[in-house]
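All heavy atoms count here, side chains included; hydrogens, waters and symmetry mates do not. Naming convention: chains lettered A, B, ... in sequence-line order (proteins, then strands); numbering from 1 in each chain.
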Amino acid sequence: MGDNLLSLILCTPLIGVLVLLFIPGTMKNAIRWWANISAVAGFLVSLPLIMNFDKSLDGYQFVERINWIPALGVQYLIGVDGISVLMVMLTTFMGMLAIFSSWDSINDKVKEYYAMFLLQQVGMIGVFISLDFMLFYVFWELVLVPMYFIIGVWGGPRKLYAAIKFFLYTLAGGVLMLLGIITLYLQHIAQTGVATFEITQLMNTQMPMWMEQLVFWSFFLGFAIKVPMFPFHTWLPDAHTEAPTAGSVILAAVLLKMGTYGFIRFSLPLLPNASADRTIVNVLVVLSLIGIIYGALVSLMQQDWKKLVAYSSVSHLGFCTLGIFALNEQGIAGSVIQQINHGISTGMLFLIVGVIYERRHTREIKEYGGLAHVMPNYAVVFAFAMLSSAGLPLLNGFIGEFTILQAAFQANMAWGAFAVTGVIFGAAYLLWLYQRTMLGEVTNEKNKGLKDLNWKEWVVFVPLMAWAIAIGVYPKPYFDILEKPVAAIVERVNGPKAPVNAAVIELKKTEAR
Amino acid sequence: MLDTMFFYMFALLAVAGAILTITMRSAVHCAISLIASLAGVAGLYLLQKAEFLFAVQLVLYIGGIMVLFLFVIMLVNLDSAAKERQFHRRWAGGAVAAVLAGASALWLLSKGAPSFGSPVAQAAPSPDGNVEQLADLLFRQYLVPFELASLLLLVAIVGSVLMAKKRTS
Amino acid sequence: MNFLELIWLIPFVPLIGAGIMLLFGRGMPKQLVSLISPGAVGISFVLSLGAFVQLMGLEERRHEVVLGPWIEFLKADWGFLLDPLSGVMIMVVTGISFLIHIYSIGYMGHEHGPRHGGFYRFFGYLNLFVFFMLMLVLANNYVLLFVGWEGVGLCSYLLIGFYFHKKSAGDAGKKAFIVNRIGDAGFILGMFLLFKLTGSLNFGEVSAALTSGNFPVEAAGWGILSTTALLLFVGATGKSAQIPLYVWLPDAMEGPTPVSALIHAATMVTAGVYMVARSNALFALTPDASTVVAVVGAATAIFAASIGLVQNDIKRVLAYSTVSQLGYMFLAAGVGAYWVAIFHLFTHAFFKALLFLGSGSVIHAMSGEQDMRRMGGLKDKIPITFRVMFIGSLAIAGIPGLAGFFSKDEILWQTWSSPLGSHLLYVVGLATAAMTAFYMWRLMFMTFYGEGRMDEKTKHHIHESPAVMTVPLMILAAGSAVGGWIGVPKVFGENGFFQAFEHWLEPVFEPAAKVMATHGEHHPSHAVELGLMALSVCIAIGGILLARHIYLALKEDQRPTGGALYPVLLNKWYVDELYDILFINGLSKGGGTVLAAFDRSTIDGAVNGTAWTTRMVSKISMWYDTWIVDGLVNLSAFFVRAASYPMRFLHTGWVQSYALIFVAGVLAIFGFYWWGR
Amino acid sequence: MSSFYTATDHFVLLPALLLALFACATLLFDFWVFPESQRRKHLVWFVLMGEVFASVAYFRQHLFLSQHGGELQAFGGSLVVDQFALYFHWIFVASTVIAVIMSYKYFEVRDEHHGEYYGLILLAQCGMYFLASGNELVVLFVGLETMALTFYVLVGLLKRDQRSNEAALKYFLLGALSSGLLVYGFSLLYGMSGSTKLSEIGAAVANRDSGDTVLFLAVATILSGLLFKIAAAPFHMWAPDTYEGAPTVVTAYLAVASKAASLALLLRILLGPLASSRDVWMPILAGAALLSMTIGNIAAVTQTNTKRLLAYSSINHAGYILLGVVAGNQTGIQGVLIYTMVYVVMTLGAFLVLTVLCRDTTTGEDINDLHGLMRRSPAHAIWMLIFLLSLAGIPPTAGFIGKYFIFLSLIETGHYWLAAAAAVYVAVAIYYYFRIVKSMFVDKEETEMPALSLSLGTRVALAATGAMTLGIGIYPEPFVKFAQQTLR
Amino acid sequence: MLHPITINHYLVLSVVLLAIGVIGMLVRRNVVVMMMSVELILNAVNVNLIAFSKHLQDLSGQIFAIFVVVVAVAEAAIGLGILIALFRNKETVQVDEIDLLKW
């Protein structure tokens, strides 16, 4: 088992799907049970991964290699480093919770729903463990289809628009990225004569700067749309708003991370020169900053609860990309941690919207108000999620945001200064949302009889809250596990010498110690 | 010289027939013009020492196809069809495009005409024509297309019967 | 028992209390809540006391406990630092908190939250607050300090919005949180810059680096240090309600009165002062930044005091008073007299807590009435409250012998005499002192003297508060009375005990002192000092008398109206309105059409102009997002769809048009030939 | 030319002979051998038997070639069997088999019986045989016409249906025009070289400089004829109308087999005799490819008739295939071959599902007819989804592998902009393919429609195409190897 | 005037016939006449082939021409068959009235 652990993690949901197909569609509860069992199993089998992961080692662990399409140089090559191991854990964990949270909310086409969800798990895990670029790409695209259905079949009123927009947007990015991958691959062949998509090998490719930049932009399109970065973000609010709760959760918690993960795993190490290019870094940072501020501003104005949370994702992911393109160790590590944080906090926020949506079937903020009176526990959980999202110290959001801010500041003070405003706005839109929905008198008669959280909902929220606190109070394990891979990436981008900061403080005497 | 005269005569016949084919109002007249045109081309075949083809042209085309055409015209021809406009409303566009295409082709040919070089020295024409040689070629080198042509004709027979026959049930 | 090693328990005991309250408190009887929650703070107080005493016995008077790593690369550990400064702070925090917890048992016992059981929630929040406040003062690095810093902001938010069914309470809480966040943004940047400069955010290491001599004093012009200092100060202005970020504090009075006393008077708002004092090594190196601090402090002091002159809400008077007094503290810090700032913080904690709790007692007696115009003549009906308030008012007015006198007078003297100070600032400080005396006694006269102006029903209900409330009042009154004697001006002779406060804090402010020493000592004469002292006493008494004259002697219609100034002051210098005009009306007149779209009701919901600018921008952003960014996407989709029709309609069904296109295709190929060559 | 009909000749021609034989036999048996009631069933089995025989013959050729390598020439070089030809032969066999299986049920539903149909399909395959194996202009031309004429008839097979008549007529008229131009180009080729053999023409063409106008005229006319056959823009106009009007099974067969055969011809000519004038035809093909993708994708966006939609999709795929020819290197041609195979499989699959939908009550042609398919018949819906994903080129389906090779070759040869355009059109394509998906999975049917029952043959065919579509996508190694070996 | 006839004359004639045929395809409404135009086109090809055959002294051109004739015959047969089938249903041979299939 130890040798094939990753394959096992990858296959568990797949086996789940296959068995699911043989359960008659009318046995809804049996389907639910089985889907949940598969998801829990998926999480359980991923536990040995983090337990046996040796963070003191460089490079990849649990590597499995099978020649898949030798004619093209494509291998089934999977393995994890510190970054991906966190992502895999996030995926299995959030997937488990998301699946559990759908128990009551999905009553139509239950079998298909769970099948899609589990299939999506496979795709996402695959994305995070692939060490072969083509394998990665296959999983990358594989994720699209289940998500399309999750949004398009079980979604809200404008689900089809949202679903196809999501699909088209990300697919277009993905295909253009494929062109970049191919260019890289061909360059590698031209130089070494070896046809391979293995990323560690592709790293040896030397390319002229213009070509490297071209490839970078092509990767950029793929990843930035997925993240999504500022001008490519408009699919996100629609997709989030229309998706069923669990879909939104998994979309926010895991799917978007594929983009940032792509930047970290591929753009930076494979194209170090382009990634360090001033113009490119500036463009990306500026887009991130715009995303941070713009996402927050737009959030402020939303009348739709879920859309607000969706736009806040744009803002949060702006932090993630900012961290990446600060191009220093704290930035990337912070970015990864922030990605997890965003998964937890925004996941919670979506679950919270889902709880109320299920009771009232509307997401209009003005329909609510004073919910704290009728649903006190709900209000507490919401407050917790809100604070976690707003980056309150001792909760998870703070660690990521603060680290990223520091890293950005380290790279360029102006970046840090602009990014900090996102922290203010972040508090503003969330508090305002909280006030409009939770506080005040209960104005709407329909809200008077609402039930507070039931045990199933608690079961989902409690682990998330615990995790949020755990990261906030003791983030060291995360930093530790990220240390080696992040250092390797930074060294690759910035060269072996200490990073040269853009703004070196000029002191009259010797430099500060 | 005679060749030249004949050429122009046949060519004129062919072209005039062709023009009439596409301009005459009645389909029957068109068919007759086409016969003239085909006859002109047949004459050209003769000029070019393609006697066998000349014969084929006369027998097969004029004797065969044109009868078929006329037959069909008779079959489907309504008097009303003859009274209709023979050109559709936007005929000018089509004509201009085709003329342009033809002119371009001519221009291209005229530019490249020298590339065909001078004619290969003529062997002494055999008195009984070249049918024999032709047959030899056809049944040896072109055996495959010959056999294939039979399939083609089979398709044509089956197809036209299938299409044209009335549904029995 | 080694209390020094247990200092980390000081914050965590209240945290446990908070946890118990918030998780299990709902089912608990009130008695149990009243036992656990104040008890937890009591334990903290005992631990603090023990640690404080043991600290006195230490050679170096500094003890650090590191529990473990937190954010390693910033050198931010779970580290706790007990030194004289934090020692004073934990004593103040735990002490005052304990008293206020006790008081609250009585105060909140009568009040129910919006839903049954608000009692436990209140104590949960209060405990949580104490936890964060203690984290703030005990942290050994800036990041952990920031934890407390944000945490107290959160608790402030929660407690201001405690009556969350009231919209105004929710608004006020949100305003507080967001305004604080603006300050925090500056603070965060300040921290980053500091880290960049010194490579650490540990107090000790930062301080050591700054005093290592590698950093010259930025006497002339602005440098990186000044920027850093100012950024930190921006954070302080947010938390400590200084211009321009003071706007949240008066609104914060929406919260229950004990909260106002604890958070918005005695402890949390002083965090900014604490932080500036903690960063004294930095501020000392940046005289210009220090001057900014002093000027802002002085300006806030007089500005807030002037508003306080005319407020009619008893708690609002105290709120503006708090802002004003905090201005004093910054004035002191700005002129380099850090210990005085902390000293005033210390004394202020007593008398302002006292005054707030007293006012709470008054409000309690008045069945919730807060408007002083409907009070009067309460002197005899609630005698204990009256007496303790009397002491507090004297103290804050600066009557010699009481706590306020020593600290305030020391500030004024330092302002006059410090190399960083100036006589102009002194004058401002003096004027503020006069106003302080006036408004405090205006409050006293309007509340306790003269005729009762309340309606009959209320009058009937007036009663003295229970002992659980009055006892803490009395303890605080005692503190207000004698608390100043450990910081007697040196002009009265130097004696270990009477200057204990200054000496105690000396090691902490050593870095600043070192730098200040380079400015050169100059010793103004004792005569001047005594003269100024007399002046300020006279001024204070003058203020009291004036208030007595106007509010006791004169009838209502005879009172001077204050002319044109009165409405200005009453409307708080129109600052909120100014924000409105600047950011809303100006724009609305300029771009009426855009604003026409605005929903009037949401405008009402706007807490202030800044929020409105933001909202305006965000509305534009959203518009932009919907119509431009997304619009482009939809537009291209639309174009594809639109282009689809002509392409489909090429297929007219008419075969000759197809043939024509075919020929056109051939022509196009020919065309390519000409074009291509 | 010593012997008249050698063993080699026989060996090479055998599959065509068998096919012709079975075709004639089918035509005859239709009249009197098989009992009326079971005639259709017997005919299907008989045709399949013919395919088996042909396959055996092909297989023997295949074995021979893999043992001896190179190619087999017959009839003085008129016919040639090489791996390239065999590759296409296999495609023809496969598509014919599936088309025949599809037809059984379809014609029953449409209440049309034409025994000739089966004969004609075999005759069409015969024509295709000569297209793929012909090495000489006359063979190619007559082969092409054999195939084309058969299709004209097949398209018009539903004689009572005006739309079918009309489709046949339109296809015929335009087809005649295009083959006229094509053969005009052939005549010029002949004029330039004095021979009808491709190898000799190649030699003559190579002697001309690339600016030669006659050569250009020949290329232009030949290309317009060939592009017409593979339905590439701007010579695509016939396709939507013909696809729509023709019986669905014929549409399927036309879309795959005719296109594949014409492609074989196109490759034979462009990579054979015209290889040296690459500079002339490459830009034309690039333009046609771009135009095809544009028109195919964009016009399909608002199309509501599924057959028309698939017609546009096939125009689009023609564009992609041409891009591989534009790239023109080893990878590109390999891409063309793989793409063609993939295209055949997935298009047949998609049409299979449409055929199944064709019932008394519904033609299955409108996109609304697919409403609620997921509920009515999940298996079909899922198979259709897989085919559509493949058509769009989403991994891990076969379509992706095809597109991948096209992209690969384009980038390899530096055609970045073409690659980018091709990539962007993938997204556009998804839009309309997913309108079908939406219709199947999301929309509810307005009227209750009966659940679908399937004949065994359809099941097998569906499973086969589906398995191929997924199989090539998930484990493309053998197919890629196959294509590579073809080009060696 | 009477200069010797070269291959070029034939080529020109061929193009002219071809063009006329194409024009006929494009402008005539009667399907039967359109089919005649197809015959014209194929004849143009034959003129070409024969001319080349003569010019090059190579008989295969003639063979090719024969096959073209055969194809023309077959095409005409099929085309006319289709036309008859259509005519049975539609009662028209005017091509612009045949537009059921569009868009």
Inset, instruction - Walk me through it: do C:Val655 and D:Trp238 pass the test side chain to side chain contact (heavy atoms under 4.5 Å, CB included)? - result: CA-CA 8 Å; C:Val655 73; D:Trp238 61 277; over 6 Å; no

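Atom OG1 of D:Thr213 sits about 11.0 Å away from atom CZ of C:Phe670, to the nearest 0.5 Å. Here CG of D:Leu177 is found 14.5 Å from OH of C:Tyr658. Values are rounded to the nearest 0.5 Å. Rounding to the nearest 0.5 angstrom, the gap separating the CE atom in D:Met237 from the CG atom in C:Leu660 is 9.5 Å. Distance check: C:Met647 CE to D:Gln303 CD gives 13.5 Å after rounding to the nearest 0.5 Å.
In terms of modelled atom types and a separation under 3.5 Å, the side chain of D:Lys170 and the main chain of C:Gly653 share a donor-acceptor contact. Although no hydrogens or angles enter the test, the distance criterion places no donor-acceptor pair under 3.5 Å between the side chain of C:Arg648 and the main chain of D:Ala300. Looking at C:Ser644, its side chain does come within 3.5 Å of a backbone N or O of D:Ile298 through a donor-acceptor pair.
For D:Tyr312 and C:His651, the ring centers sit closer than 6.0 Å to each other.
If you measure heavy-atom distances from D:Val219 to chain C, you find no contacts under 4.5 Å at all. The part of D:Leu173 that comes within reach of chain C is its side chain, from C-beta onward, which places non-hydrogen atoms under 4.5 angstrom from that chain.
Residue C:Phe639 places its CZ atom among 12 or fewer non-hydrogen atoms of other residues, nucleotides or ligands, all under 6.0 Å distant.
Smallest separation of non-hydrogen atoms from D:Phe216 and C:Ile669: CZ-O, 3.2 Å. Scanning both residues, D:Ser224 and C:Val666, for their nearest heavy atoms gives CB-CG2, 3.7 Å. Scanning all heavy atoms of the two residues, the minimum distance from C:Phe662 to D:Leu181 falls at CE2-CD1, 3.2 Å.
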